[in-house]
Amino acid sequence: MSAGVPLRSVEEHRDNVLAAVRPSEVISVAVDAARGLTLAEPVHARVPIPVFDNSAMDGFAVRFDDVADASTTPAILRVVADLPAGSPLDPPLGPSEAARIMTGSAMPSAADTVVPFEDTAGGLDDSLGEIRVLRTPRARGAHRRRRGDDLAPGDEVVEAGTLLGAFQLGAAAAAGVEVVRVRRRPRVAVISTGSELVSPGAELARGQIPESNSLLLAGLVADAGAEVVLRTTVADDDEGLRPALAAARDAAADAVVFSGGVSAGAYEVVKSTLGPTGEMDFTAVAMQPGKPQGFGHLADGTLLFGLPGNPVSAAVSFEVFVRPALLLMAGRTELHRPVLRVAAGTGWSTPPGRRQYLPAVLDRRDPARWLVRPATAGGSGSHLAGGLAQAEVFAVVPAEVERVEPGAMVDVMLRG
């Protein structure tokens with residue numbers, strides 16, 4: 001990364017990363033254990049939704065012809081059956097007969113319409129003998145839910161590549177699906193490098209700082225739906241890095257995320273250890289923060305990500321390069337965060353010739369016009385770890401923009 005070497009574009013580096021990703025293996029998981037996993041094969045309904053014709057209201061199952069004139073001449077019907085939800089009964093209904101029925105109960109084969117309690121003279125309090133219907137249903141079949149109205153057996157419920165959340169799993173269960181085929185969660189090791197790093201809360205000697213990157217990156221890994229199998233910190237020497245890498249392999253990590261040790265300094269342990277062996281390549285990317293990047297893989301295919309050591313740089317680099325790779329590994333089809341176009345609520349400076357990813361907040365006080373502002377008064381410094389606590393988005397400013405002026409429209413990458 002010496003002077004004069006052209007910068008690699010964000011897209012070029014990201015494409016290089018994604019081209020090396022191998023999807024995790026497909027496994028079978030019970031629906032009640034599949035939350036947060038990505039569907040590898042589409043889910044098809046085993047049973048229709050609804051499973052049978054049923055009532056949409058608490059009231060009476062009737063024959064429409066018996067109540068067609070109820071609004072002008074109340075219809076007097078005899079209740080011959082009572083159908084709570086789950087009842088297996090299918091009572092016959094003769095002329096001027098009805099069955100009391102609860103929401104979700106199976107419709108009698110002889111009935112075609114439901115009259116709600118509130119459309120009768122006595123309602124629920126007078127519902128097991130003779131009833132008087134006072135209002136004509138809006139149409140034949142009123143308040144009757146038809147079998148398969150939502151889904152028929154064999155219909156696709158959830159498509160492959162979908163992140164399985166409560167809605168998707170609820171729909172699969174409603175369609176009678178017990179087991180789904182998903183991609184295994186990617187397993188990730190997080191290794192923070194730096195001889196200056198000590199545990200949070202420890203007494204700090206001159207030159208030391210609390211170690212935060214491993215916690216930050218482990219959280220981002222978990223947020224991406226992957227599993228953290230190792231989180232550790234090593235000093236700036238080969239003696240610590242190689243054993244940590246061996247521990248990651250012992251934990252069957254699919255990817256290792258390093259923070260620090262990838263720049264142009266004299267003690268860049270990741271670069272000096274894994275660069276000469278050809279296991280990682282190191283480059284400069286036209287972005288700020290996050291210019292120094294490393295990427296490669298071990299002989300067994302384990303991916304190696306080298307991120308800068310400053311916390312904001314590490315967070316941005318993860319969002320732009322590591323997160324899409326983990327999502328692709330997990331089988332997701334949508335790899336990138338949603339982006340909105342929002343007006344700048346204030347002005348700020350941008351780095352010449354590099355795309356800026358600025359930790360920012362959204363001002364929602366005017367619902368008709370959201371504004372975006374830097375998360376801290378310090379701007380876009382890669383060392384400003386405290387500002388990450390306020391950051392809810394990244395403002396993404398193209399390399400050719402020399403300065404963001406108040407009111408200018410800015411792309412905002414959402415994080416939640």
* Residue pair T302, D254: steps toward the side-chain contact (heavy atoms from CB on, under 4.5 Å) verdict -> CA-CA 5 Å; T302 304; D254 301 299; over 6 Å; no

* Hey, are E12 and R14 close enough for a salt bridge, meaning a charged N less than 4.0 Å from a carboxylate O? -> no

* Step-by-step side-chain contact (heavy atoms from CB on, under 4.5 Å) determination, R145 to D53 -> CA-CA 5 Å; R145 298 165 173 162; D53 286 15; over 6 Å; no

* Over all heavy atoms of both residues, which pair between Q356 and T350 is shortest? Give the atoms and the distance, please. => OE1-CG2, 3.4 Å

* To do: Can you measure from OG1 (T273) to CG (L241) and round to the nearest 0.5 angstrom?
  => 4.5 Å

* **CZ (R22) with more than 12 external heavy atoms under 6.0 Å** => no

* **F394 and E319, any side-chain heavy atoms less than 4.5 Å apart** => yes

* Any salt bridge between R323 and D223, counting N to O under 4.0 Å? -> no

* Go through R242 and E279 one step at a time and tell me if the salt bridge (charged side-chain N to carboxylate O under 4.0 Å, His left out) criterion holds. => CA-CA 12 Å; R242 283 294 180 184; E279 292 161 296; 3.0 Å; yes

* Asked: Which pairs pass ring-ring contact (aromatic ring centres under 6.0 Å, His included) with one or both residues in residues 148-197, sequence neighbours excluded?
  -> none

* With the threshold set at 4.0 Å, does a side-chain nitrogen-carboxylate oxygen contact exist between R369 and D366? -> no

* Any donor-acceptor pair under 3.5 Å from D363 side chain to R365 backbone -> yes

* Give a yes or no on whether the backbone of A314 and the side-chain of S317 come within a donor-acceptor separation of less than 3.5 Å. => no

* Looking at side-chain heavy atoms only, is the closest gap between S105 and S87 below 4.5 Å? -> no

* Considering all heavy atoms of both residues, which atom of V256 and which atom of A248 are nearest to each other, and what is their separation? -> CG2-CB, 3.9 Å

* List the atom of L230, the atom of A244, and the distance in Å for their closest heavy-atom pair. => CD2-O, 3.7 Å

* To do: Report the C-alpha separation of V31 and V177 in whole Å, then their side-chain angles, then the decisive distance to 0.1 Å, and conclude whether the side-chain contact (heavy atoms from CB on, under 4.5 Å) test is met.
  => CA-CA 7 Å; V31 290; V177 175; 4.3 Å; yes

* Carefully, step by step, assess V29 and V179 under the rule side-chain contact (heavy atoms from CB on, under 4.5 Å). => CA-CA 6 Å; V29 177; V179 173; 5.9 Å; no

* To do: Any pair with a residue in residues 288-328 that passes ring-ring contact (aromatic ring centres under 6.0 Å, His included), sequence neighbours left out, goes on the list, sorted by first then second residue, please.
  => H13-F321, F295-F305

* Asked: Can you tell me how far the CD1 atom of I101 sits from the CZ atom of F60, to the nearest 0.5 Å?
  -> 11.0 Å

* To do: Could you tell me whether R249 and D300 have a side-chain N and a carboxylate O separated by less than 4.0 Å?
  => yes

* Does a side-chain heavy-atom distance below 4.5 Å link D411 with L340? -> no

* Asked: Any side-chain heavy atom of V285 sitting closer than 4.5 Å to one from L7?
  -> no

Less than 3.5 Å apart, which donor and acceptor atoms pair up between the side chains of residues 122-137 and the rest of the protein, not counting sequence neighbours?
from: S127; atom 1: OG; to: R100; atom 2: NH1; distance (Å): 2.9
from: S127; atom 1: OG; to: L124; atom 2: O; distance (Å): 2.8
from: R135; atom 1: NE; to: D119; atom 2: OD1; distance (Å): 2.8
from: R135; atom 1: NH2; to: E118; atom 2: O; distance (Å): 2.5
from: R135; atom 1: NH2; to: D119; atom 2: OD1; distance (Å): 3.1
from: T136; atom 1: OG1; to: A68; atom 2: O; distance (Å): 3.1
from: T136; atom 1: OG1; to: A70; atom 2: N; distance (Å): 3.1
from: T136; atom 1: OG1; to: S71; atom 2: N; distance (Å): 3.0
from: T136; atom 1: OG1; to: S71; atom 2: OG; distance (Å): 3.3

* **Pair R183, S24: side-chain N/O donor-acceptor within cut-off below 3.5 Å** => no

* Minimal non-hydrogen separation, A344 against E405, with atom names -> CB-O, 3.8 Å

* What are the two closest heavy atoms between R337 and L414, and how far apart are they? -> CD-O, 3.1 Å

* Asked: Is any side-chain heavy atom of L303 closer than 4.5 Å to a side-chain heavy atom of V257?
  -> no

* Distance-only, no hydrogens or angles: does the Q293 side chain make a donor-acceptor pair with backbone N or O of G290 under 3.5 Å? -> yes

* **Spacing of OG1 belonging to T283 relative to NZ belonging to K291, to within rounding of 0.5 Å** => 10.0 Å

Can you give me every donor-acceptor pair (side chain of residues 186-199, partner residue at least two apart or in another chain, under 3.5 Å) with its distance?
from: R187; atom 1: NE; to: A252; atom 2: O; distance (Å): 2.8
from: S192; atom 1: OG; to: E211; atom 2: OE2; distance (Å): 2.9
from: S192; atom 1: OG; to: S259; atom 2: OG; distance (Å): 3.3
from: T193; atom 1: OG1; to: S259; atom 2: O; distance (Å): 2.9
from: T193; atom 1: OG1; to: G260; atom 2: O; distance (Å): 3.3
from: S195; atom 1: OG; to: D236; atom 2: N; distance (Å): 3.0

* Asked: Atom CG of N54 and atom OG1 of T103: how far apart are they, to the nearest 0.5 Å?
  -> 8.5 Å

* Structure fact -> Nearest heavy-atom approach of R46 to P153 is O-CB, 4.0 Å

* Who are the side chain to side chain donor-acceptor pair (under 3.5 Å) partners of S96, not counting sequence neighbours? -> none

* Looking at side-chain heavy atoms only, is the closest gap between P23 and M329 below 4.5 Å? -> no

* To do: Considering only NZ, NE, NH1 and NH2 on the basic side and carboxylate oxygens on the acidic side, decide whether E25 and R184 come within less than 4.0 Å.
  => yes

* Asked: Between R144 and M57, is any pair of side-chain heavy atoms under 4.5 Å apart?
  -> no

* R354 bridged to E400 by N-O distance under 4.0 Å -> no

* Structure fact -> Rounded to the nearest 0.5 angstrom, the CG-CZ distance for D15 and R8 is 10.5 Å

* Asked: So, do S313 and L307 sit near enough that their side-chain heavy atoms are less than 4.5 Å apart?
  -> no

* CG of D65 to CG of D112: how many Å apart, nearest 0.5 Å? -> 7.0 Å

* Structure fact -> Contacts of R181 meeting side-chain contact (heavy atoms from CB on, under 4.5 Å) (sequence neighbours excluded), chain-then-number -> V26, S28, E41

